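Below is one structure, written out as structure tokens; comments come after it.
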Amino acid sequence: MSAKPEDFFKNIISHCKEYGFIFQSSEIYDGLSAVYDYGQNGAELKKNIREYWWKAMVQMNENIVGIDSSIFMHPTVWKASGHVDAFNDPLIDNKDSKKRYRADVLIEDHIAKIEDKITKEVEKAKKRFENFDEAMFRSTNARIIEYQTKINDINTRFKAALNDNNLADVKQIIVDCEIVCSISGTRNWTDVRQFNLMFSTSIGSVDGEGSTIYLRPETAQGIFVNYLNVQKTGRMKIPFGIAQTGKAFRNEIVARQFIFRMREFEQMEMQFFVKPGTEMHWYEHWKTARLKWHHSFGLGETNYKFHDHIKLAHYANAAADIEFQFPFGYKELEGIHSRTDFDLKQHEQFSGKKLQYFDTESNSSYVPYVVETSVGLDRLFLATLSAAYKEETLENGETRVVLNLPPALSPIKVAVFPLVKKDGLPEFAEKIMESLKYDHIVTYDEKDTVGKRYRRQDAIGTPYCITVDHQSLEDNMVTVRERDSMKQERIAISAIPQYMNERVGLTSLLKKL
Ligand code: GAP
């Protein structure tokens, strides 16, 4: 019963609401655009992913420590970091539909469409491989070369326009590529303008210029301004990292694709401080380590790829994204940036305080270089949930929706069912709940048939269901049913805690790293 690709993403969004994963924020007031709330199951899944990241970064690496800095920071932080002047997106409006677009996204989507045409040509050629003659080969080849040349031309112009901040040229590319508005179907575009993405508010009781502060657009700056505090108090030796997770806020021009692009979201970032000149080694190291971490989710290694940035951010000398195949195509999941000494030097300059490291080996001080890993928790949640979501037809013709989540990340780890609501079975089930609840989130269900109860747990990704029956009262054994294989086995109740610890603890994931 697999859904058509266009319906698949809609089904995931409905599933998130129906099973308490994600709700639109302020829904009873018709919602707030691009802001979402996590429900009872979503909050657990999100917490588990965050915890897995924290353990993989902080607990597993002796030279990485974690902090929790505040959302509000001194406004000069954002002047120093470049966000006040340069944290902009180029926007363009269609005059007929009044719809607003990010100009760079319009161009990137156009390139993606040409790339699709190349893929289709290759697929067609593969299908006709047997009776593919020279003439066909030539014409297919010519079309592919034509498409690739177009892509190269657009990329070259686009890169130059962005680097020169030439917004007129960005608009000209949109005009030359004959890009139309998806609503009005016209090419009646305004000029391209820059739009700063930071939210501002005022602090204290006085409203005015001096009291303007920003909601942080990235958590990274909280790490930079605490670099020296942590280095000194933790007696950290380079290379070392500082990690943190927390909310970030961006006034996104086009917020779309559910929780993929939100105005309030959570980041999990790590800044790795290194000796100048060694940053490319550590950049490659963290690219490899982070991809391995993503692969450990078991969601399919072919779903991930690297994408090197065309335009480097104002602070980077190398940058790549780990992209994930979301239901709407490959998109950025995590960014890995070699940020040079830009941030620390800027903060030195704006604060007048030295932010250096004394290297005892060379007996000299320097401003460390930084390699950053930055992943959006909400985006990772969406990647995990959409890859885990399966609509299956079983051998007996029944259908089920199942979330094949990594067991260690599932919101509920174990569901306990008494076969019937009498004869002491509920009390027996309660005892099993009691033995597990100190280590795991456990749920109890006695309503409907066991089959229906299994379906409810499959839909939220509970990896194990335990059923207590009359025989259990005599032999102290229960039936454990595994979510993905649906296989059942009888185990002694005394063995349950260890059985579960081995299968649903984060250790099982951490050992893959
Ligand atoms: N400190 C570097 C930084 O913030 P970024 O590429 O702008 O870099 C890092 O953001 C990650 O944060 C992205 O890879 C993405 O996963 C997540 N992210 C960024 N903007 C987001 C948004 N509006 N909604 C959800 N996640 C977002």
Side-chain angles (χ1 to χ4, degrees), residues 22 25 32-36 38 46 49-50 53 69 71 73 77-78 81-83 86-89 102 104-105 108 195-199 214-225 227 241-272 283 286-287 290-291 293-294 304-324 326 328 330-340 342-344 346 370-386:
I22 294 170
S25 158
L32 183 65
S33 163
V35 188
Y36 290 91
Y38 286 80
K46 191 177 175 197
I49 298 175
R50 188 193 299 112
W53 182 87
S69 73
I71 287 171
M73 300 176 76
V77 167
W78 305 111
S81 68
H83 284 81
F87 195 55
N88 303 320
D89 273 344
R102 259 178 65 179
D104 54 334
V105 172
E108 277 161 11
F195 175 77
N196 193 287
L197 300 183
M198 281 199 294
F199 283 104
Y214 300 99
L215 272 71
R216 66 180 179 198
E218 62 169 13
T219 60
Q221 296 304 323
I223 295 179
F224 289 122
V225 298
Y227 152 74
I242 306 179
Q244 84 164 324
T245 70
K247 289 271 179 151
F249 305 83
R250 295 183 190 177
N251 198 0
E252 298 285 357
I253 299 167
V254 187
R256 57 178 181 170
Q257 286 149 339
F258 194 36
I259 57 168
F260 180 80
R261 193 177 300 286
M262 302 201 287
R263 297 203 163 101
E264 173 182 341
F265 58 100
E266 196 167 333
Q267 288 186 316
M268 305 195 289
E269 300 200 296
M270 194 274 300
Q271 312 295 322
F272 201 67
Y283 173 67
W286 282 110
K287 273 176 73 177
R290 295 302 302 146
L291 188 63
W293 184 80
H294 287 288
Y304 303 84
K305 65 176 188 192
F306 280 116
H307 165 80
D308 292 317
H309 284 204
I310 298 181
K311 187 198 176 211
L312 292 175
H314 58 275
Y315 48 72
N317 69 357
D321 296 334
I322 295 176
E323 292 192 339
F324 182 77
F326 287 92
F328 37 84
Y330 276 102
K331 298 275 173 205
E332 175 185 348
L333 178 61
E334 168 154 359
I336 295 145
H337 306 136
S338 173
R339 289 180 80 129
T340 66
F342 174 85
D343 301 86
L344 289 181
Q346 286 292 102
V370 171
V371 175
E372 167 187 75
T373 72
S374 174
V375 58
L377 176 51
D378 313 86
R379 230 173 245 194
L380 188 52
F381 182 110
L382 181 60
T384 308
L385 199 124
S386 55

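Note that the structure is a prediction, hence the values are computed from the model and not measured. Atoms within a ligand are numbered from 1 in the order they appear, just like the ligands themselves.
The pair E372-R339 meets the salt-bridge criterion, since a charged nitrogen lies less than 4.0 angstrom from a carboxylate oxygen. Checked for salt-bridge contact, K331 and E323 miss the test: no charged N lies under 4.0 Å from a carboxylate O. Ion pairing of R250 with E218 is absent here, as no side-chain N (NZ or NE/NH1/NH2) approaches a carboxylate O to less than 4.0 Å.
Shown in contact with H337 at under 4.0 Å from a heavy atom are these atoms of ligand 1, numbered in order with element: 8 (O). Interface atoms of ligand 1 facing F260, defined by a heavy-atom separation under 4.0 Å, are 24 (N), 25 (C), 26 (N). The contact set between ligand 1 and E372, taken as ligand atoms under 4.0 Å from a residue heavy atom, comprises 1 (N), 2 (C). Each of the following atoms of ligand 1 lies closer than 4.0 Å to a heavy atom of M262: 22 (C), 23 (N), 24 (N), 25 (C). Within ligand 1, counting atoms from 1 as listed, the ones closer than 4.0 Å to a heavy atom of G376 are 11 (C), 12 (O), 15 (C), 16 (O), 17 (C). Close contacts of ligand 1 with G335, meaning ligand atoms under 4.0 Å from a residue heavy atom, involve 14 (O). Proximity to E218 (heavy-atom distance under 4.0 Å) selects the following atoms of ligand 1: 1 (N), 2 (C), 3 (C), 4 (O). Short contacts between ligand 1 and E269, defined as distances under 4.0 Å to a heavy atom of the residue, involve ligand atoms 1 (N), 2 (C), 3 (C), 4 (O).
If you check which protein heavy atom lies closest to atom 10 (O) of ligand 1, you get Q267 NE2, 3.4 Å. E332 OE2, 3.0 Å is the protein heavy atom nearest to atom 6 (O) of ligand 1. For atom 9 (C) of ligand 1, the closest non-hydrogen atom of the protein is S374 OG, 3.0 Å. Of all protein heavy atoms, the one lying nearest to atom 26 (N) of ligand 1 is F265 CD1, 3.5 Å.
Listed for the E332 side chain is no donor-acceptor partner under 3.5 Å among the backbone atoms of D321. Judged by distance alone, with hydrogens and angles left aside, the side-chain atoms of R216 form a donor-acceptor pair with the main-chain N or O of K247 at under 3.5 Å.
In this structure, of R379, K331, E334, the residue bringing a heavy atom nearest to atom 15 (C) of ligand 1 is R379. Comparing M268, Q257, E266, R250 against atom 4 (O) of ligand 1, the shortest heavy-atom distance belongs to R250.
Heavy atoms of L333 found under 4.0 angstrom from ligand 1 belong exclusively to the backbone. Under 4.0 angstrom from ligand 1, the non-hydrogen atoms of R339 all belong to its side chain. Only the side chain of E252 comes within contact range of ligand 1, with a heavy atom under 4.0 Å; no backbone atom does.
Between Q271 and F224 the shortest heavy-atom distance is OE1-CZ, 3.3 Å.
With sequence neighbours excluded, no residue satisfies salt bridge (charged side-chain N to carboxylate O under 4.0 Å, His left out) with E108. The salt bridge (charged side-chain N to carboxylate O under 4.0 Å, His left out) search around K305 returns none, not counting sequence neighbours.
You'll find the side chain of F326 stays beyond 4.5 Å of the side chain of Q257, heavy atoms only.
Taking only nitrogen or oxygen atoms, main chain and side chain alike, R263 does not reach within less than 3.5 Å of ligand 1. Note: no N/O pair closer than 3.5 Å links A220 and ligand 1 by distance alone.
Close placement of the F260 and F328 rings is indicated, their centers lying within 6.0 Å of each other. Centroid-to-centroid, the aromatic rings of Y36 and F258 come within less than 6.0 Å.
Ring-plane geometry between W78 and H83 is classed as perpendicular, the angle between the planes exceeding 60 degrees on a 0 to 90 degree scale with a lower cut at 30.
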